[in-house]
2 protein chains.
Amino acid sequence: MVTMSDVAKAAGVSRATASYALRGDPRIAPATTDRVLQAARALQYTTNLSARSLRSGRSGLIGVAIFELDFPYPSEMSAAISREVARHGLEAIVQETSNSKESEIAILQKVTSQLCDGTIFSPGNVSDEEIRALSGGKPVVLLDDLSPDPVFDSVATPCEAGTETAIRHLVDIGCRRILVIGANYDMLAEDRGATSVSGRRLIGCLNAFEVLGITPDPSQFVSTEWRTANARAMAHTLVDSGVEFDGAFCMTDSIALGFIRGLADRGVNVPQDAAVIGFDGINECDYYIPSLSTIATDMEDLARKAVGLLLDRIDGGGVPARTLTADYRLVARESTRR
Amino acid sequence: MVTMSDVAKAAGVSRATASYALRGDPRIAPATTDRVLQAARALQYTTNLSARSLRSGRSGLIGVAIFELDFPYPSEMSAAISREVARHGLEAIVQETSNSKESEIAILQKVTSQLCDGTIFSPGNVSDEEIRALSGGKPVVLLDDLSPDPVFDSVATPCEAGTETAIRHLVDIGCRRILVIGANYDMLAEDRGATSVSGRRLIGCLNAFEVLGITPDPSQFVSTEWRTANARAMAHTLVDSGVEFDGAFCMTDSIALGFIRGLADRGVNVPQDAAVIGFDGINECDYYIPSLSTIATDMEDLARKAVGLLLDRIDGGGVPARTLTADYRLVARESTRR
DNA sequence: ATGAAAGCGCTAACAG
DNA sequence: CTGTTAGCGCTTTCAT
């Protein structure tokens, strides 16, 4: 392994000078800097991240902790964030929390707090206080953190507004009996549900119904795991039990795709028999048959906002926590074409 | 920040003893170990990864470098590897190479060689020699490395055998005029194409045709970028130009899905008008309409093999490079049901 | 403009 | 069984 001492020796300077020169410190004479840089290149020197990080507390690494890597939405989000991080000359490292508390803790305390200059974290099973304790003071930006009073900077998906837009779209195209798939209606009884993504999307629905003068019926709200397979099975159940509906808003695109597939299994056609709209804007929407209308979260925008908040926090300000919301747009495709 | 000295002091032992105790070294008396562990817990101590890594050369981190994080196949693979790594008590960090040489180099020399105990790398634009030089001697396992004589351990997808199975399946169900989508037929002229995934899958096709007594026609092999959108456009082109076919093998599932969608755009139905089969076994196959028949690479098996090779290499043996091939199975679904 | 020296927090010989 | 000691490679005062 070639160390900075080797480079310094080759360039005929001290280790300190080499260190400065390698990082382009203006205090070093251009000629000297050149000599050092050349020596470094000749020796194929690379600075040792552990050593730098140990000494300076900076690694140039940004952590991205996401619940599942093998579903379209989180993986597209991770990709968007990785690219945004790269655009700032830093390196993103993505880790899967697998939605397990144990794993979230391990990531925060082993990697985030020790190694990363900051972390973008999609919290699942860990409280703000735990994050605070585990992250060892390192900056953290949360994704869809819905604490009543946020402790951390965070970026939210446009739950309420997006959902309202979706419902309005279904009504616009003539749907009269709309199902909401993936909702947990009981949740509202407790705390108005504002502290979860599902709760906030539900609230968006209710707002839309209210504005549109529609009185919602609890039976419209269908609870199911947010997974494609569950949504598919739920479609079977609904059709088999003879529930009438001409439109469905699904809490995520993955749910929507499973739901449409489930309807197809029972001979119910989208959009002829029922219109379906999702939420997220994953790539598959465009080439599914039928192509899926959706509330597309602007992932670039989300990434930009999350990384922006994190970098602001890294170089400095003890400003109060900010919460931003990602942009979105309604993308109307075949699944709501009537 | 609480360091090991703090723990040692709290437990009334030396730093060395604390270090041993924390790692459960049997040389330390159980009572002492207990005391240290308790002190550590009380102080919320976590060992500093940079320091450990700097000193011992081990971090417990396994790098996973993958070309794109926002496509189903690579993201499912990353997830499978992450979980397999976790199963061994290590932490996986995933990085996107974005298929750029610059980025591959940065990952190898900044993160792999400095920080990770080993890396599972999906090479795109970087040669074996470059990897050797950049990885600083750290163990590397390649994914689908197709060097004529491999320098590194690697795990390959079952290109030839899988493709043969796919073609045979199409013929079995009665296809007489089969298109191969995503093939680069010219490639064969050069080096028999054995050094790329696309080339090896093409070879699998030709083997199958030969065995089945079919004389392939170059016009059956359709070259296109391995992207859904390109495959879709290619379907348009093919149908518009009146090419006759009753079956298609697509080099990946993503290509297949785009291709089917493109056929649908032109009123060609799968499987009635043409059967389609893909390769990879991504999750979407199951709920696409029509569900997609495919050669499903066993991702668990691939992950197990890759991680196994890497761990073997990490603790030791200078044994010669091994190349393993992941298991696969034919999954017949609606897209080839006639 | 450059160099000497002091550690960052940890581990691993080596003593005792 | 436990403690002493010497660094890992780098950054950063502080001198010069």
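Just so it is clear: chains get the letters A, B, ... in the order the sequence lines come, proteins before strands, and each one is counted from 1.
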What nitrogen or oxygen pairs link the protein and nucleotides 13-16 of chain C at under 3.5 Å?
residue	atom	partner	partner atom	Å
C/dA13	N6	B/Tyr20	OH	3.3

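Between the C1' atom of C/dG7 and the CE atom of B/Met4 lies a distance of 16 Å, rounded to the nearest Å. Spacing between atom CG of B/Asp25 and atom P of C/dT11 amounts to 11 Å, rounded to whole angstrom units. The separation between A/Ile28 atom CD1 and D/dT12 atom C1' is 12 Å, rounded to whole Å.
Contact check of residues 33-60 of chain A against DNA chain C (heavy atom, cut-off under 4.0 Å) returns A/Leu54, A/Arg55.
An OP1 or OP2 oxygen of C/dT11 is reached within less than 4.0 angstrom by a side-chain nitrogen or oxygen of B/Ser19. In terms of phosphate contacts, A/Thr3 brings no side-chain nitrogen or oxygen within less than 4.0 Å of OP1 or OP2 of D/dG9. Using a 4.0 Å cut-off, no side-chain N or O of A/Thr32 falls inside it from OP1 or OP2 of C/dA1. At the phosphate of C/dA1, neither OP1 nor OP2 sits under 4.0 Å from any side-chain N or O atom of A/Thr17.
B/Asp327 is linked by a side chain to side chain contact (heavy atoms under 4.5 Å, CB included) to B/Asp298, B/Asp301, B/Lys305, counting only residues two or more places apart in sequence or in another chain. For A/Glu300, there are no salt bridge (Lys or Arg N to Asp or Glu O under 4.0 Å) partners, not counting sequence neighbours. Contacts of A/Ala321 classified as side chain to side chain contact (heavy atoms under 4.5 Å, CB included), with partners at least two apart in sequence or in another chain: A/Asp153. A/Arg322 pairs by the salt bridge (Lys or Arg N to Asp or Glu O under 4.0 Å) definition with A/Asp312, not counting sequence neighbours. Taking B/Ala65 as the reference, B/Thr97, B/Ile107, B/Phe121 meet the side chain to side chain contact (heavy atoms under 4.5 Å, CB included) condition, with sequence neighbours excluded.
Salt bridge B/Arg23/B/Asp25: absent, no basic N to carboxylate O contact under 4.0 Å.
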Distance-only criterion, 3.5 Å: show the donor-acceptor pairs between side-chain atoms of residues 70-85 of chain B and protein atoms not counting sequence neighbours.
residue	atom	partner	partner atom	Å
B/Asp70	OD1	A/Arg83	NH2	3.2
B/Asp70	OD2	A/Arg83	NH1	3.1
B/Asp70	OD2	A/Arg83	NH2	3.4
B/Ser75	OG	A/Leu69	O	3.4
B/Ser75	OG	B/Phe71	O	3.1
B/Ser75	OG	B/Pro72	O	3.3
B/Glu76	OE1	B/Asn283	N	3.4
B/Glu76	OE2	B/Asn283	N	2.9
B/Glu76	OE2	B/Asn283	ND2	3.2
B/Ser78	OG	B/Pro74	O	2.8
B/Ser82	OG	B/Ser78	O	3.0
B/Arg83	NE	A/Glu96	OE1	3.2
B/Arg83	NH1	A/Asp70	OD2	3.1
B/Arg83	NH2	A/Glu68	OE1	3.4
B/Arg83	NH2	A/Asp70	OD1	3.2
B/Arg83	NH2	A/Asp70	OD2	3.4
B/Arg83	NH2	A/Glu96	OE2	2.6
B/Glu84	OE1	B/Arg87	NH1	2.6
B/Glu84	OE2	B/His88	NE2	3.2

Which side-chain N or O atoms in residues 36-43 of chain A pair as donor and acceptor under 3.5 Å with protein atoms at least two apart or in another chain?
none

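Within the 3.5 Å criterion, the main-chain N or O of A/Leu115 finds a donor-acceptor partner in the side chain of A/Ser59.
In the set D/dG3, D/dT12, C/dA12, the nucleotide with an atom closest to the side chain of B/Arg23 is C/dA12.
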